[in-house]
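Structure first, then comments.
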Amino acid sequence: MSDLYKDPIGHWVVVVLAMAVVLFVLLTATAYTVWFERVALGHIQRRPGPNRVGPWGLMQLAADGIKLAFKESFVPAKTDRVIYVIAPTIAVAAAFLAWAVIPIGLWYNVQYWIADVNVGVLLIFAVSSLNVYAIVLGGYASNNKYSLLGGLRSAAQLISYEMAMGLSLVPTFMIVGSLRLRDIVDYTVHWGPYTGPIPLILLTPIGFLIYMIAAVAETNRTPFDLPEAEQELIGGFLTEYSGLKFVMYYLAEYVNVITASALATLLFFGGWYLWVVPPVLAFFLKVVFFVFVYIWLRGTFPRLRYDMLMRLGWKVLLPLAIVNVIVTGVIIVLVQG
Amino acid sequence: MCYSVGAPRGRPAFPVLLELASFPKAASPEAFGNLLESYVPLLIYVLIVLGLVGTVASLSFVLGPSKPTKTKLAPYESGIIPETPAMRRLSVRFYLTAMLFIIFDVEAVFFYPWAVLMRQLKWFGLIEMFVFMGVLLVALAYIWRNGGFDWD
């Protein structure tokens, strides 16, 4: 392995293989996130959930995927054909690209990440903002009133919560002094006898709260799933999509859920550090926990009304995030002297 | 850097690209070179993802039957035949939200470099930022009082 790394061609072969593995794991994880959600929601609502295809319904998603791939996937009349096809690809590409800079762990001196960029978090924000384009363009190109309204609502919602999300992380960067995700996870404290990494939620609890709410809104999940409120908008921007193009939107939504959970893990819960648990396994367990929190929220809360959603974003989360930045700044400077 | 026979002579037009092409053999010790190196895997990953996504998008036309009919291609509006085009005049609220987003998000971006350097700037940086935030909060209060955040 080490000889392979020294050889320039072998080095790049390893890099490309690693990327293929990341994409494969991500696709599989997405499928099982959907399965996990359906089973968990089933138990929350006191019904069994999928349990027919394979043991415990584990092959349900493979069955659904194959069925959807072989469905007729047409472009409806009078649509903007090019944009209609490109919009779902933007959603998937943006969702996958965030994983280029997410560090999964450091285990026996092997680094489980693709790129270690010094502006990691900014890059994730940049590519996840592209999701707005996917939704608003999909809604616009569909030539359907419900799609258009769903797309516009979604755009307004996403940009409203993006600010609160961006500002909620500023205290974390102030404490750590870096935007590199690895530095944030490795942030070390010297508290009396204890020296080592800590979960940063202990230092910025308000930041975590704002991040979690904003992240649920950013991924269009219940209780913020206004863009696809089926009682009023049929399927929102998804109304005219079918077959593999529908799968792409669906895939992007669940990859975004996993990304948001991974970011919560890395930024607030110490990433791959968890007592004696091996690093990559610890990261996995924490991400699964946050994915479950998402599902739990979906099973518990009803959907918000649109004006309430906007009020929460602009009148509660945004001022709270700004105050959080001010207070954290004053405390850091006072403690540091 | 040496050139083989037949390569263009004189100064290379794009030294950075040449450096990248010869990576990792000629990895430069300069910080800038190292910075670029950390982005090379990212670039490869972008290409792989675009390839994958393009494949899935084209597969959607290859797999599955294709028997379009006039009714099937019509927009789905709960069984009612659409009389008017979907594009209509939109509520001005959406434009207002977009403008507010531009105002506050561009200012939020300024927080990032400041947050990274805050421990070095200390009180000076903090007070400078308070002035900046003051302007931001005055704007926020003004919009709030004039009902810019109310969605009716």
Side-chain angles (χ1 to χ4, degrees), chain A residues 8 11 15-16 19 23 69-74 76-77 85 89 92-93 96-97 100 114-118 122 142-146 148 152 156 159-160 162-163 166-167 170 173-174 177-179 234 239-240 243-245 248 306-307 310-311 314-315 318-319 322 325-326 329-330 332-333 336, chain B residues 24-25 35 38-39 41-42 44-46 48-50 52-54 56-57 59-61 63-68 72-78 82 85-88 90 93-94 97-98 100-101 104-105 108 111-112 115-119 122-123 126 129-130 133 136-137 140 144 149-152:
Chain A
H11 172 79
V15 168
V16 171
M19 291 169 188
L23 284 174
F70 288 97
K71 281 269 178 192
E72 182 171 357
S73 180
F74 53 88
V85 177
T89 64
V92 186
F96 279 153
L97 283 183
I114 291 174
D116 188 22
V117 180
N118 57 351
L122 270 186
S142 291
N143 185 33
N144 183 319
K145 296 182 187 74
Y146 295 110
L148 185 66
L152 279 172
I159 62 178
S160 297
E162 203 169 280
M163 256 168 308
L167 284 175
V170 170
F173 306 143
M174 280 155 62
S178 173
L179 291 173
I234 309 176
T239 307
E240 294 293 333
L244 271 180
K245 296 194 200 72
M248 285 162 97
Y306 200 70
D307 60 328
M310 286 313 220
R311 198 162 60 215
W314 288 99
K315 291 189 175 177
L318 181 63
I322 294 176
V325 171
I326 294 173
V330 171
I332 287 178
V333 174
Q336 206 179 29
Chain B
K25 229 187 280 174
L35 192 68
S38 63
Y39 283 91
L42 193 67
I44 299 173
Y45 185 71
V46 169
I48 293 178
V49 166
L50 288 182
L52 180 81
V53 166
V56 177
L59 270 183
S60 74
F61 289 101
L63 300 174
S66 178
K67 296 183 213 101
K72 198 190 273 176
L73 294 183
Y76 176 74
E77 292 187 0
S78 307
M87 235 6 217
R88 297 184 309 164
L90 304 165
R93 282 279 152 206
F94 290 113
T97 310
L100 292 179
F101 169 71
F104 287 106
D105 203 52
F111 281 84
Y112 279 63
V116 172
L117 291 175
M118 214 208 81
R119 280 172 183 269
K122 297 191 178 148
W123 280 112
L126 196 66
M129 209 60 198
F130 278 175
M133 263 188 251
L136 193 71
L137 287 174
L140 192 79
W144 197 320
F149 297 142
D150 296 323
W151 193 284
D152 12 85

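Quick caveat, the model's predicted, so the values are computed rather than measured. By convention in this document, chain letters (A, B, ...) are assigned in the order of the sequence lines, proteins followed by strands, and residues within each chain are numbered from 1.
A donor-acceptor pair is defined here as one N or O able to donate and one able to accept, closer than 3.5 Å; no such pair exists between the side chain of B/Y76 and the backbone of A/N144.
What you find for B/S60 and A/S73 is that their closest heavy atoms are O-CB, 3.4 Å. Between B/W123 and A/V333 the shortest heavy-atom distance is CE2-CG1, 3.2 Å. Between B/L50 and A/A93, the shortest heavy-atom contact is CD2-CB, 4.4 Å. In terms of heavy atoms, A/P319 sits closest to B/L140 at CG-CD2, 4.2 Å. The two residues B/K67 and A/E72 come nearest to each other via the heavy atoms N-OE2, 3.0 Å. Considering every non-hydrogen atom in both A/M174 and B/R119, the closest pair reads O-NE, 3.5 Å.
Looking at heavy atoms from C-beta onward, A/I322 lies out of side-chain contact with B/F111 at the 4.5 angstrom threshold. In this structure, A/I159 and B/D105 have side chains that are not in contact, with every pair of non-hydrogen atoms separated by 4.5 Å or more. Counting heavy atoms from C-beta on, the side chains of B/W144 and A/W314 never come closer than 4.5 Å. The shortest distance between side-chain heavy atoms of A/M19 and B/P41 falls below 4.5 Å. At least one side-chain heavy atom of B/F61 sits under 4.5 Å from a side-chain heavy atom of A/K245. Residues A/M310 and B/T97 form a side-chain contact, since some pair of their non-hydrogen atoms from C-beta on lies under 4.5 Å apart.
The contact between A/T239 and chain B is made entirely by side chain atoms (from C-beta outward), counting heavy-atom distances below 4.5 Å. If you measure heavy-atom distances from B/I44 to chain A, the contacts under 4.5 Å come from both the backbone and the side chain. Residue A/V85 touches chain B through its side chain alone, counting heavy-atom pairs closer than 4.5 Å. Within the 4.5 angstrom heavy-atom criterion, only side-chain atoms of A/M248, from C-beta onward, approach chain B. Residue contact with chain B, scored on non-hydrogen atoms closer than 4.5 Å, involves the side chain of A/E240 exclusively. At a 4.5 Å heavy-atom cutoff, the contact between B/L126 and chain A is made by side-chain atoms alone. If you measure heavy-atom distances from B/L100 to chain A, the contacts under 4.5 Å come from both the backbone and the side chain. Of the atoms belonging to A/L23, it is side-chain heavy atoms, and not backbone ones, that fall under 4.5 Å from chain B. Heavy atoms closer than 4.5 Å to chain B are found in the backbone of A/K71, but not in its side chain. Both the backbone and the side chain of B/L59 come within less than 4.5 Å of a heavy atom in chain A. Only the side chain of A/L148 comes within less than 4.5 Å of a heavy atom of chain B; its backbone N, CA, C and O stay farther away.
Here A/D307 contributes atom CG and B/R93 contributes atom CZ; the two are 11.0 Å apart, rounded to the nearest 0.5 Å. Of the inter-residue distances, the one linking A/L167 atom CG with B/F104 atom CZ reads 10.0 Å to the nearest 0.5 angstrom.
Relative orientation of the A/F173 and B/Y112 rings is tilted, given thresholds of 30° and 60° on the angle between their planes.
Ranked by heavy-atom pairs shorter than 4.5 Å toward chain A, the options B/S66, B/P65, B/A57, B/A108 are led by B/P65.
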